[in-house]
Structure formats: structure tokens, C-alpha cells
Amino acid sequence: MLPVLNERMESATAHAKELLSKLSLTEKIGQLSQFGTSIYNNKREYFPEHYPEGKIGSYLTVSGAQITNQLQRDCQEKFPTHIPLLFADDVIHGYRTTMPTPLAQSCSWNPSAAERGAEVAAKEAYVAGLRWTFSPMVDIARDPRWGRIVEGYGEDPYLCSRFAEATVRGYQGKEIGEKYHILACMKHFIGYGACIGGRDYNEVDMSPQTLYDIYLPPFQAGIDAGAATVMSAFHSMNGVPCTGSRHLLTEVLRNECGFDGFVVSDAGAVPELIPHGYAEDWKDAAQKGFQAGVNMLMAGDFYNDYLPQLVAEGKLTEQEIDEALLPILVLKILLGLFESPYTDESEEAKFFFCEEHLSVSREIAKECVVLLENNGILPLQKNQKVALIGPFADEKDHVLGTWSCRKDPEKTVSILEGFRKAGVDVTYAKGCDICEGCDAKLSEAVEIARKSDVAVLVLGEGEDMSGEAKSRTDISLPQIQLKLLDAVLETGVPVVLLISAGRPIVVEDFREKVAALAYIWQLGTSTGDAVAEVMTGRCDVSGRLSVSVPKSVGQIPVYYNYPSTGRPALGKIWYETGYIDENAHSRYPFGYGLSYTEFEYSDLRLSANEMTADGSITINCKVKNVGKRAGKTVVQLYVRDLVGSRVRPIKELKGFEKIDLDAGESRTVTFILQARELAFHNEKMEKVVEPGRFRLWVSKDSREEGISGEFEVV
Ligand code: GLC
């Protein structure tokens, strides 16, 4: 439900209805149309030909206080309706100050940090005239070949849901219309991450149970947190394109999930119903998109051109147009656009890259680094001579990641700069470019490695190797980077390998050859400061995987919450549910990550050994830092329904808490498990909590045994 006080909602709705009564059909349909911008005759244009009839209600990818004010003035002076324009953009992980990518943020397992990041992004977007972002992307992703895995919060419904609600709150504030806050948009409805083969835009085919139990929960969490808008997806779901599916966009999203905002199509998704083979022509596509429940069409005139004809032909009614427009007008009113359509142009400079925003980006980034291997070489010691090598070691743009909106790479702290600021005795050589290089560069890197105590290599993917339309069949490091790594390894100097990428990279070739291995993802503007703080041990390394890491592309899809089979992996090859050339397990499981200290779990206590289907159980577990230094860990609660009317996952995340303990310190972590959280959809698609035995674990990741107990639902 939209986070708005009842009386405000009532008055906004009354105002919207009064507006509707005065609009012509053309003007109403103009409000359902969103445009980008384009270059005509070397001049940036904003479709002025549409002004006289008010055929524009919103712009995307137009931002900046000056231009948005100019267009608002045009709207007031030249549009017949004077209904203020709604400006939107892809503020996915920051507007100017770039936060870590969403995938990186999900590895922080700190939703409140993501909420703060979203607040910063909203504030910077707001002073640039934006009132709406196409974020959060809450598509569950189990296939790292898919380029857009970088934009979401990983493979697990529970973790992704916590980040969905946190970012919605961060963008929108407590109530729609708060200053420095903007509308959120959950995308892409629905199931985009399950595209077959990891191929972007490809068809998705899944059971309704999987759709409801795995892919829908993050959207439901965002709706419950008050998300104002949803974006319909490009792909077809079980043969019906999402953007043309009334079942998905109206029956499921609105009637079942209770969504009461508005739906915007993805860019081009309405006319793409034609190449899908789902619509005859543009008019048919416009009708199908509109009747499915797409309130606003992104990028184009298809509604402007065809909805009037469809109404004239009696295929649509003006009342249906009114119903589609109402939530859009209500939200424009709630945003305060009618009272104050303009943005204070003096505020932009005050906020972009201000110290407070940089501090937020730094604090989040520090928590996203996932340490996968460490033979003790980390944290780096003060007096060590460090050779810093690799195409991302002194890089300011690629480390911002994809969809970095109105980025400014000059403001990025590179890792080399971060090391120098931290007082590390560092020498630098690039060694190679991202995908090509030469022996001379390689030798230079080898030379500085030979003269150092440790070599820190920063390898990975360019920001253009993940994101939209960036799926890959091979998710290893580029050959030239592997050559550089081998050359440095040959020196015998211990290697710390940091991987900067938009997806989990396969690490089998080298994981046992390096002294330490970490994913630093793409950490944004404060990359260098964050990496330096973690590498030097000024803070603990506390990221945990939100996605499973496959041993090879051949294992994909591989994820932690899979159901058992009739022949589960019992360690005997002929019973393994694996392959004759590889077993079934990921290299690193969901939830995995090392700290610089160790933690022990003990004293697991359940408040009861059974609960009714509407009951709850309180779970307490003592966690102790048994190492020699302070550190953070993510205490994770997993549950398994041992017998169900449908086979159930061998583990499901049902709670987590990130805690900070001094050396020797213990703390009791408490989880309250509601029986309703054990619900799933049965064969008849009823959402049920079935009686029976359950096992639970409190552990460091989804594979480690941790400490476990049993309970029953009666
Ligand atoms: C793109 C993306 C979507 C984005 C939109 C506007 O094609 O699929 O995520 O928000 O267009 O840029």
C-alpha cells in the first residue's frame, strides 16, 4: 500500500478526479505517455511538437535542475493542461555519488546500509529535478551468465526481500512527497532473472509454484513497503509476454499482491509484443499492453497514436483510460508537483559528492567485500612492500559498475589512491588492459612484484561486461589477465587476488594458487578507500555471498535452496546428483565469506519444540568471537521442511543478523520464526503451512553445519 496518510490520499484522489473531469481524451492519454530525449539536427530535443496537445506526461533520462525547470515552464506555458511533468531516471545505485552495485550491496547483508545509500541517491536525484527512479531491481538471479545479475540482490527470496523493502523506504521516505525523496519502481515484473540460458530477454518457463515461492516474494515485500510503481518486463513468462499479460499485471500484481500504484512498461516492451508474435501491429500491441495493466508507456507514441482509435472503435472505454490515469495523477499530486513543480537550482552543488554522501558510499562499500580464501596473508601488515597490479588497480570508471547514472569517474578514489592515502608502501604497474595487453606491460608488473613482499592483483570485468544485454557464455577472467596472474605467481611472491566484476567469476584455475582471494565487485565512488580499509585490516572483512559461485559454467544453474532428489549427493559418485566430471556443489555457497577472525556458535535454544500454523518459535544462539581481533559476522538462520506435499528445499534462509564482536566477546542472537514464514504453494497453488517436522540451523553460511535443532508444526 502506498505510504500515505488516509486523509492525504483521499484529498489527492478527489483532486485527481476533479482534474480528470476537465481533461480531453487526448490530454488524458498524453499523461500516460513517457518520452526520453533525442538529438535532432545535432540539437537535443524534447518532442516540442507534443506540447500544444499536452501529449507528454513524463520524461525519462532527462535530469538536471535547469533542464527540468525549463521543461516544467514549457509545460506550464505551452501545454493546455499544465499538469506538471514527472521526471524519472535509472538511479540504480546512486545519481552522482556512485554506491556499490546492487549485487555488491546485497553481499553486505546490511539492508539498512542499502537504505542509507538509497536515501543519498534520492536526495541527489531530487535536487536534479527527478521525482522517480527505476529502482530497485528485485529480480531473483540464479544464473551468473545473465548480465543483469549485477543489478539485483542475488539468488535468495528472503535476502532480496529485505533489500527490496529497505531501498523502497530509502527512496520514498516514510510518506510519499517528503522532500529529497522520490518514487521507487520495482522491476522487472516478473521472473526476468530466470531467462533460459541466462540469455537476456529470453523466454522464461517456470511452474506457478516457483514463480510464487521464489520470484514473487521480493515484489510483495516492496509492495508492502509502499513501492509506488512497478515496471513490466520484456520477456515472455510461460508463453505470454509479461507486458501483455493481464494475469500477471492485474490479477497477480494488483488483485493478489495489493499493488495500488501504477505500472510503467519497460522501454519498448509494448511494441515488442509484435516481434514476440503476440500482437499483430502497433495498434494491437497498444491495446494488449493497456488492457494487461500498463498504465504508462515508456518511450514512444503508441498510446498517443492508438488509444484514441481504440476508444473510438469501442475496444476501450474512456473510463478505462481514466482508471489507468488516476494513480498517476494521484502520485503527481502526492509528490507536491502541482504546488511546487520547480527545483531549487542552487542545491545541486551542495549535495553532489558531499562528504556525508561519500561517507555513506564508503561505509557501504567496506561491507560488500567477500573474502573467499586467505592463508593468513591478509590483512596486509604495515611494513610490507606491496606491488599493486592489474587493469582495475588504478581504475576510476569501470569500478563504478553498470547503470551508474550521472557518474563522475574523476571523483572515484582508485585502489592505488586508497592504498597511498592509507599509508601503504605501494608500487604500481597495470600489467595489462582488461582484454588485451603486451609482454612489456607484463614484465613491468613482474618486475615490481619481484621487489615486493606481496602482490595485490586487481582483475575482473569492465563495467560494460555486465548489465543489460551483457550476458556471457564464459564467466572466467579474460585470458590476458590469467596470463598476468600466472606471470606474477611464477615470481613466488604471495598474491592477493581481488576480483572486480558485475557477477561471480569462475575461480577454479587459480583459487588454490593465490594466498588470498576476494570479490570486491564494483564498489563505486569510494572504491579505493573501502578496499584499502579492508585490505589493511582497519576494518574487518564482512561481506557474504548473495549468489552461489559455480565451479564452471557447466554447473549453471547452481543455487543453495534446491530440493533434495531421490538420490541425494551421498558422497558416492553413483548417487551424486552431480556429473561424472564434477559433483553437484557450487565452489562457494550462498552466505559464505571469511572474516579476519573466527566465530563459534553454541547454546542453541528454542522457546518450544512445536508451534501451530499461526504460532512462532523464538530461537536463541550464542555467538563468540574466538579470534584475536574484533570482527563482524552474519549469523544466518536456515530451515528445512523435512516432509511436504511438494518436495521442499534442503535449506531456506529465514533470518540473519550482522553482528560486530570484540575479540573474546559473546552475544546471544535471537530470531523469531513465524510459522507463516514456512508457507509454500502446494500442487493446487494453495499457500499452506503444513504440519510436520522441521530442522533449523544457525550457521555461517548455507552449507556449513553450524548448530542445529528440530521443531514441529502441529
Ligand atoms: C531498460 C531497462 C530498464 C530501464 C529502462 C529505462 O531497457 O530494461 O531496467 O529502467 O530501460 O532506462
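Start at 1 and go down the list; that is how both ligands and their atoms are numbered. Computed from a predicted model, the values in this text were never measured in an experiment. Excluded from the calculations below are hydrogen atoms, water molecules and symmetry mates; all remaining heavy atoms, backbone and side chain alike, are included.
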### Pairing of K55 and D301 as salt bridge, 4.0 angstrom limit
no
### Query
Considering only heavy atoms of A267, which atoms of ligand 1 have at least one such atom less than 4.0 Å away?
11 (O)
### Task
Indicate yes or no: does D281 engage K283 in a salt bridge with an N to O separation below 4.0 Å.
no
#### Entry: Candidates E468, H276, H235 - the one meeting side-chain contact (heavy atoms from CB on, under 4.5 Å) with Y201
E468
### Query
Relative to ligand 1, is Q34 under 4.0 angstrom through side chain, backbone, both or neither, heavy atoms considered?
neither
### Task
Run the contact test for M298 against ligand 1 with a 4.0 Å cut-off on heavy atoms, strictly below, and give the result.
yes
### Message
Could you check, using the six-membered ring where one of them is a Trp, whether Y180 and F351 have ring centers closer than 6.0 angstrom?
### Response
yes
### Message
Tell me if the centroids of the rings in Y51 and F79 come within less than 6.0 Å of each other.
### Response
yes
### Message
I need the nearest protein heavy-atom contact for atom 10 (O) of ligand 1: residue, atom name and distance, please.
### Response
D90 OD1, 2.5 Å
### Query
Of all the atoms in ligand 1, which lie at a distance below 4.0 Å from a heavy atom belonging to F134?
10 (O)
### Task
Specify the protein heavy atom at minimum distance from atom 3 (C) of ligand 1: its residue, its atom name, and the distance to 0.1 Å.
D266 OD1, 3.4 Å
### Message
Any nitrogen or oxygen of K187 lying under 3.5 Å from a nitrogen or oxygen in ligand 1? Just yes or no.
### Response
yes
### Query
Non-hydrogen atoms of M137 versus ligand 1: any pair closer than 4.0 Å?
no
### Message
Would you say the ring centers of F352 and Y95 fall short of 6.0 Å from each other?
### Response
yes
### Message
Within ligand 1, which atoms have a heavy atom of F234 less than 4.0 Å away?
### Response
7 (O), 8 (O)
### Task
Report the relative orientation of the aromatic rings in F590 and W109; use parallel for angles under 30°, tilted for 30 to 60°, perpendicular for over 60°.
tilted
### Summary
The protein heavy atom nearest to atom 1 (C) of ligand 1 is E468 OE1, 3.2 Å
### Message
Would T61 count as a polar contact of ligand 1, with the cut-off being nitrogen or oxygen pairs under 3.5 Å?
### Response
no
